Protein chains: 2
Amino acid sequence: MVMDVNRRTVLRLSRYRKALQRFSELGFVKVFSDNLGEAVGVTSAQVRKDFSLFGISGNKRGGYQIDSLLETLQRILGKGRVQKVIVAGAGNIGRALIHYPTFEKEGIQIAAAFDIDPAKMHRKERIPVLSLDEMPRFIEENGIEIGIIAVPEIAAQEVCDRMVRSGIRGILNFAPIRLRCGDENVVINPVNLQIELENVIYFVHALGKNQDTAPVNDKIKVNHL
Amino acid sequence: MVMDVNRRTVLRLSRYRKALQRFSELGFVKVFSDNLGEAVGVTSAQVRKDFSLFGISGNKRGGYQIDSLLETLQRILGKGRVQKVIVAGAGNIGRALIHYPTFEKEGIQIAAAFDIDPAKMHRKERIPVLSLDEMPRFIEENGIEIGIIAVPEIAAQEVCDRMVRSGIRGILNFAPIRLRCGDENVVINPVNLQIELENVIYFVHALGKNQDTAPVNDKIKVNHL
DNA sequence: TAGATTGTTAATCGATTAACAATC
DNA sequence: TAGATTGTTAATCGATTAACAATC
């Protein structure tokens with residue numbers, strides 16, 4: 001009944017923000033919950049409910065002013081200032097994130113990456129790749145709060161522990177393992193690419209089987225998982 | 001009440017599978033719903049519920065035989081045969097996926113990647129990077145069912161359309177845009193790395209504010225998002 | 001004003017968990 | 001057997017949606 005702000009709500013907020021940016025670029029001035037819902041793939045009731053949770057209000061009959069709504073969402077999502085992030089692991093995923101083009105524009109700055117492999121180090125790059133041993137000091141000296149873990153499974157928990165001890169409060173974890181963290185105030189968001197792909201594979205197979213007995217069994221109807 | 005198989009159930013199935021592999025490697029022979037739940041981070045009731053959904057049964061009092069349970073999950077998740085997958089886009093994310101080390105071991109074979117940039121092409125590699133124009137023919141000739149979209153936002157919908165027209169039934173989408181697909185039988189799983197990172201940032205900030213009024217307001221208690 | 005949209009409450013829907021009879 | 005664990009039903013929890021009074 002209380003329905004507080006949860007992960008899914010914040011994910012939707014990010015999507016509203018993106019949609020509003022597009023609308024704004026297209027020169028629109030105001031938007032209705034209907035339009036936003038359609039753009040993001042949720043009901044208009046969901047949009048209004050989400051907004052009310054954050055005390056965002058529009059004008060009855062007049063919808064929402066795009067620019068001011070966008071500013072509000074930016075503020076809620078911490079887009080006001082540049083957010084420094086570090087990456088542990090300069091392998092495939094790590095390097096992809098270092099060069100992820102949209103981060104920079106979106107106020108997310110990869111301050112440095114870290115690896116144990118000396119061959120992967122690049123101290124003089126714009127985004128330096130340093131030794132993993134230097135990570136704790138770097139976190140402390142630069143007051144980094146957010147870390148991305150892109151090291152092999154075997155090293156992930158150790159890296160997580162070191163991050164948290166050094167002051168990291170939030171982790172995006174690409175290692176395919178559940179990280180344990182005693183500190184209740186640390187946020188961990190796991191992203192498991194293999195499992196996401198397996199999910200697609202499962203439903204493709206499931207729909208394939210379904211196909212045969214087509215009109216009878218129309219239980220499974222997915223498009224967006 | 002009917003509670004059919006949904007995305008989250010299948011995600012858990014993948015996690016059970018992973019945990020069972022570990023247990024098996026450690027030499028364990030049987031496992032209880034308790035153990036599995038603990039390993040994956042869910043209740044034992046959830047584990048049994050999930051299994052019953054797939055007609056998996058154990059032995060009252062005796063738990064589950066790890067090896068046979070593992071085989072069953074492998075079968076359900078389509079691990080019996082090699083699953084061929086293509087990647088559209090050989091940029092940062094695309095290349096990371098091409099070289100993702102665990103895919104091969106797990107029966108997922110990246111058959112080829114495609115890009116519009118001639119500079120990115122490598123016809124002679126083990127996993128070739130071909131021209132995007134060759135994609136439709138490749139899909140048809142090789143009977144590919146699963147595609148990964150790792151092209152820039154602007155090109156994503158077009159690539160999606162081409163994939164579906166050529167016979168792709170499932171898509172893992174890394175482009176930060178909601179893909180529209182008329183065909184109800186096509187599965188699309190979006191993975192938006194920026195939004196996942198923003199989510200972490202939000203909750204770190206939210207917990208930080210919470211901190212001040214600490215013992216009074218203990219509403220927000222996240223660890224795993 | 002009349003009509004349309006918001007903000008919010010109540011209803012619904014769906015997923016998780018508790019509980020317990022069955023049983024090994 | 002006694003004790004422990006499964007499989008399943010019912011209860012709970014939580015999130016989404018429908019509905020509608022307020023109002024611009």
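By convention in this document, chain letters (A, B, ...) are assigned in the order of the sequence lines, proteins followed by strands, and residues within each chain are numbered from 1. Please read all numbers here as calculations on a predicted model, not as lab measurements. Note: hydrogens, waters and symmetry copies are ignored here, and every other heavy atom, side chains too, is used.
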How many whole angstroms separate atom CG of A:Asp50 from atom P of D:dA15? 11 Å
Stem ranges of DNA chain C by first residue number, counting only runs of at least 3 Watson-Crick or G-U pairs under 3.5 Å, come to C:3-24 with D:3-24
So what does A:Phe51 hit on the nucleic acid, given a heavy-atom distance under 4.0 Å: a base, only sugar-phosphate, or nothing? nothing
Of A:Asn59 and A:Arg8, the one whose nearest nucleotide on DNA chain D sits closer to the 5' end is A:Arg8
In this structure, OH of B:Tyr64 is separated from CG of B:Leu70 (nearest 0.5 Å) by 15.0 Å
What is the distance from CG of A:Asp4 to C1' of D:dG14, rounded to the nearest Å? 10 Å
Using nucleotides 19-21 of chain D, report all nitrogen or oxygen pairs with the protein that are shorter than 3.5 Å.
residue	atom	partner	partner atom	Å
D:dA19	N6	A:Arg48	NH2	3.3

Any side-chain N or O of A:Thr43 less than 4.0 Å from the OP1 or OP2 oxygen of D:dT17? yes
Atom pair distance, as rounded to whole Å: NZ in B:Lys49 and P in C:dG14: 14 Å
D:dT6 P sits how many Å from B:Phe54 CZ, rounded? 18 Å
Rounded to whole Å, the CG-P distance (A:Asp34 to D:dT17) equals 13 Å
Is a side-chain donor-acceptor pair under 3.5 Å present for B:His99 with B:Glu104? no
Report the distance from atom NZ of B:Lys30 to atom P of D:dA4, rounded to the nearest whole Å. 13 Å
Phosphate OP1/OP2 of C:dG7 contacted by A:Tyr64 side-chain N/O (<4.0 Å): yes
So does A:Arg61 get a side-chain nitrogen or oxygen closer than 4.0 Å to the phosphate oxygens (OP1/OP2) of C:dA2? no
Side chains of A:Gln157 and A:Asp161 only: does a donor on one sit below 3.5 Å from an acceptor on the other? yes
Enclosure of A:Ile154 CD1 (heavy-atom neighbours >12, cutoff 6.0 Å): no
Starting at atom CD of A:Gln46, determine the distance to atom C1' of C:dT12, rounded to an integer number of angstrom. 14 Å
I'd like to know if the side chain of B:Ser52 and the backbone of B:Gly55 have a donor-acceptor N/O pair within less than 3.5 Å. no
Answer with yes or no whether the side chains of B:Glu25 and B:Gln21 bring together a donor and an acceptor at under 3.5 Å. no
Reckon A:Ser57 touches a base, only the sugar-phosphate, or nothing at all at heavy-atom distances under 4.0 Å? sugar-phosphate
For A:Ser68, is there any backbone N or O sitting under 3.5 Å from a side-chain donor or acceptor partner on A:Thr72? yes
Side-chain donor or acceptor of A:Thr9 paired with backbone N/O of A:Val5 under 3.5 Å: no
Touch class at under 4.0 angstrom, heavy-atom based, for A:Ser33 against every strand present: sugar-phosphate
Of A:Gly62 and A:Ser52, whose closest DNA chain C nucleotide lies nearer the 5' terminus? A:Gly62
For the CD1 atom of B:Ile188 and the CE atom of B:Met163, what is their distance to the nearest 0.5 Å? 10.5 Å
Rounded to whole angstroms, how far apart are CZ on A:Phe32 and C1' on D:dC24? 12 Å
Can you find a side-chain donor-acceptor pair between B:Asp50 and B:Tyr16 that sits under 3.5 Å? yes
